[in-house]
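The block underneath contains the structure these notes are about, expressed in structure tokens.
Residue indices begin at 1 and follow the sequence shown.
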Amino acid sequence: DKKENVISMSKNYYNDFKSNLNRLHNKVEFGIKVIWNGSMVKKKIEETYKNNDSIPATSSAKIFIKEKFKEYKINKIFESEADRCIEFIDNSFSKFAYEKKIQKLKTGNLLLTANYLVEKEKQNDFKKVYEQFKNRESEFKYLFSGPWPAYNFIVLTKELDCSRM
């Protein structure tokens with residue numbers, strides 16, 4: 001019976017529900033995506049690396065190793081550049097965030113996907129930071145959404161079994 005399943009679930013997750021309601025009370029969620037031209041950034045890194053490459057490769061094995069190492073170095077520099085940009089952007093938004101969830105480089109051009117949990121009284125300050133970034137001349141494009149209910153910040157201590165409902 002569905003009613004009994006709902007009652008059972010409510011009992012099983014009561015502490016989680018209560019904890020989430022207390023933690024998320026008077027807070028909203030904002031989503032931010034930052035897009036950059038990752039292929040152009042990588043191309044610049046490759047050009048710089050190519051100009052600094054003076055190690056001769058005399059055999060096919062050495063050429064292979066050299067190419068793999070070059071690829072590794074370029075990817076490391078690319079990730080380092082992404083981290084530097086993300087840190088700058090995130091530090092500005094984090095000043096007004098209670099919690100955050102960040103994913104970097106989900107695709108080559110999607111530098112950052114972030115969700116910020118913001119107290120309602122700080123949401124205007126948070127929006128102002130976005131406006132400053134959006135209006136700045138930059139190689140980044142910003143996508144902003146919210147305020148939303150804090151879906152991404154709900155925490156359950158055990159897996160929710162919806163199959164019984």
Side-chain angles (χ1 to χ4, degrees), residues 13-55 65-160 162:
Y13 293 97
Y14 175 79
N15 288 333
D16 286 344
F17 293 154
K18 186 176 175 182
S19 172
N20 281 304
L21 287 171
N22 287 335
R23 195 175 103 259
L24 303 176
H25 177 71
N26 211 27
K27 295 175 186 72
V28 293
E29 179 177 323
F30 289 96
I32 296 173
K33 292 185 180 191
V34 181
I35 299 166
W36 72 340
N37 191 337
S39 54
M40 186 181 77
V41 171
K42 196 167 257 192
K43 189 177 279 190
K44 285 181 182 178
I45 294 167
E46 288 169 352
E47 287 298 317
T48 302
Y49 191 85
K50 185 167 53 172
N51 293 337
N52 293 335
D53 188 15
S54 61
I55 302 169
I65 296 295
K66 182 179 171 182
E67 284 301 311
K68 285 296 176 187
F69 183 71
K70 175 183 167 184
E71 185 180 316
Y72 168 80
K73 288 293 285 183
I74 289 168
N75 286 334
K76 280 299 200 189
I77 294 167
F78 179 75
E79 284 182 30
S80 200
E81 179 63 14
D83 288 342
R84 187 186 65 76
C85 295
I86 289 168
E87 182 179 6
F88 174 72
I89 295 165
D90 177 55
N91 283 344
S92 298
F93 287 107
S94 288
K95 292 176 191 172
F96 303 105
Y98 184 79
E99 287 180 35
K100 64 184 176 183
K101 293 189 176 194
I102 292 179
Q103 295 176 313
K104 71 173 189 172
L105 295 173
K106 286 179 79 172
T107 69
N109 289 331
L110 184 55
L111 173 66
L112 172 66
T113 300
N115 296 94
Y116 293 93
L117 184 64
V118 179
E119 293 172 350
K120 285 184 179 178
E121 61 269 6
K122 294 182 181 179
Q123 65 181 320
N124 287 334
D125 295 325
F126 190 85
K127 290 176 188 176
K128 284 178 188 172
V129 171
Y130 166 71
E131 290 298 325
Q132 290 170 353
F133 274 103
K134 184 181 86 167
N135 295 327
R136 181 182 293 163
E137 278 297 317
S138 152
E139 68 273 18
F140 304 116
K141 291 182 184 169
Y142 299 90
L143 303 174
F144 185 85
S145 68
W148 301 105
Y151 299 118
N152 287 297
F153 294 93
I154 293 173
V155 177
L156 297 177
T157 56
K158 52 188 168 183
E159 192 71 27
L160 183 60
C162 296

>> Can you tell me how far apart OG1 (Thr113) and CD (Gln103) are? Round to the nearest 0.5 Å.
In response: 6.0 Å
> Just by distance, do the side chain of Asn115 and the backbone of Gly31 share a donor-acceptor pair under 3.5 Å?
Replying inline: no
> Do Leu111 and Leu105 come close enough that some side-chain heavy atom pair is under 4.5 Å?
Replying inline: yes
Name every donor-acceptor pair, under 3.5 Å, that has one atom in a side chain of residues 123-132 and the other anywhere in the protein, sequence neighbours excluded.
residue	atom	partner	partner atom	Å
Gln123	NE2	Lys120	O	3.4
Glu131	OE1	Lys134	NZ	3.4

> Taking atom CG of Asn37 and atom NZ of Lys141, what is their separation to the nearest 0.5 Å?
Replying inline: 9.0 Å
>> If you define the side chain from C-beta out and look only at heavy atoms, does anything of Lys27 sit under 4.5 Å from Glu99?
In response: no
> Taking it one step at a time, do Asp90 and Tyr116 satisfy side chain to side chain donor-acceptor pair (under 3.5 Å)?
Replying inline: CA-CA 10 Å; Asp90 177 55; Tyr116 293 93; 2.6 Å; yes
> Thr157 and Asp16: which non-hydrogen atoms are nearest, and at how many Å?
Replying inline: N-OD2, 2.9 Å
>> Tell me the closest heavy-atom pair linking Ala114 and Ile102, and the distance in Å.
In response: CB-CG1, 4.0 Å
> Would you call Phe153 and Tyr98 a side-chain contact if the rule is heavy atoms closer than 4.5 Å?
Replying inline: no
>> Please report the interatomic distance NZ(Lys33) to CG(Asn109), rounded to the nearest 0.5 Å.
In response: 13.5 Å
> Shortest non-hydrogen contact from Ala150 to Leu117?
Replying inline: CB-CD1, 3.5 Å
> When rounded to the nearest 0.5 angstrom, what is the spacing between CD1 in Ile45 and NZ in Lys43?
Replying inline: 13.0 Å
> Is it true that atom NZ of Lys95 has more than 12 heavy atoms of other residues, nucleotides or ligands lying nearer than 6.0 Å?
Replying inline: no
>> Do Asn75 and Lys42 make a side-chain contact, defined as non-hydrogen atoms from C-beta onward lying under 4.5 Å apart?
In response: yes
>> Is there a side-chain contact (heavy atoms from CB on, under 4.5 Å) between Glu81 and Cys85? Walk through the geometry before answering.
In response: CA-CA 6 Å; Glu81 179 63 14; Cys85 295; 3.7 Å; yes
> Side chains of Glu121 and Asn26: closer than 4.5 Å at any heavy-atom pair?
Replying inline: yes
> Taking atom OG of Ser138 and atom CD1 of Ile89, what is their separation to the nearest 0.5 Å?
Replying inline: 7.0 Å
>> Quick check for you: to the nearest 0.5 Å, what is the distance between Glu29 atom CD and Ile154 atom CD1?
In response: 9.0 Å
>> Give me the atom names and distance for the closest heavy-atom approach of Trp36 to Gly108.
In response: NE1-O, 3.2 Å
>> Are more than 12 heavy atoms, taken from residues, nucleotides or ligands other than Lys73, located less than 6.0 Å from that residue's NZ atom?
In response: no
> Given Asp83 and Lys104, is the side-chain contact (heavy atoms from CB on, under 4.5 Å) satisfied, shown in steps?
Replying inline: CA-CA 8 Å; Asp83 288 342; Lys104 71 173 189 172; 2.6 Å; yes
> Is there side-chain contact between Pro147 and Phe30, with heavy atoms separated by less than 4.5 Å?
Replying inline: yes
> Side chains of Leu112 and Phe140: closer than 4.5 Å at any heavy-atom pair?
Replying inline: no
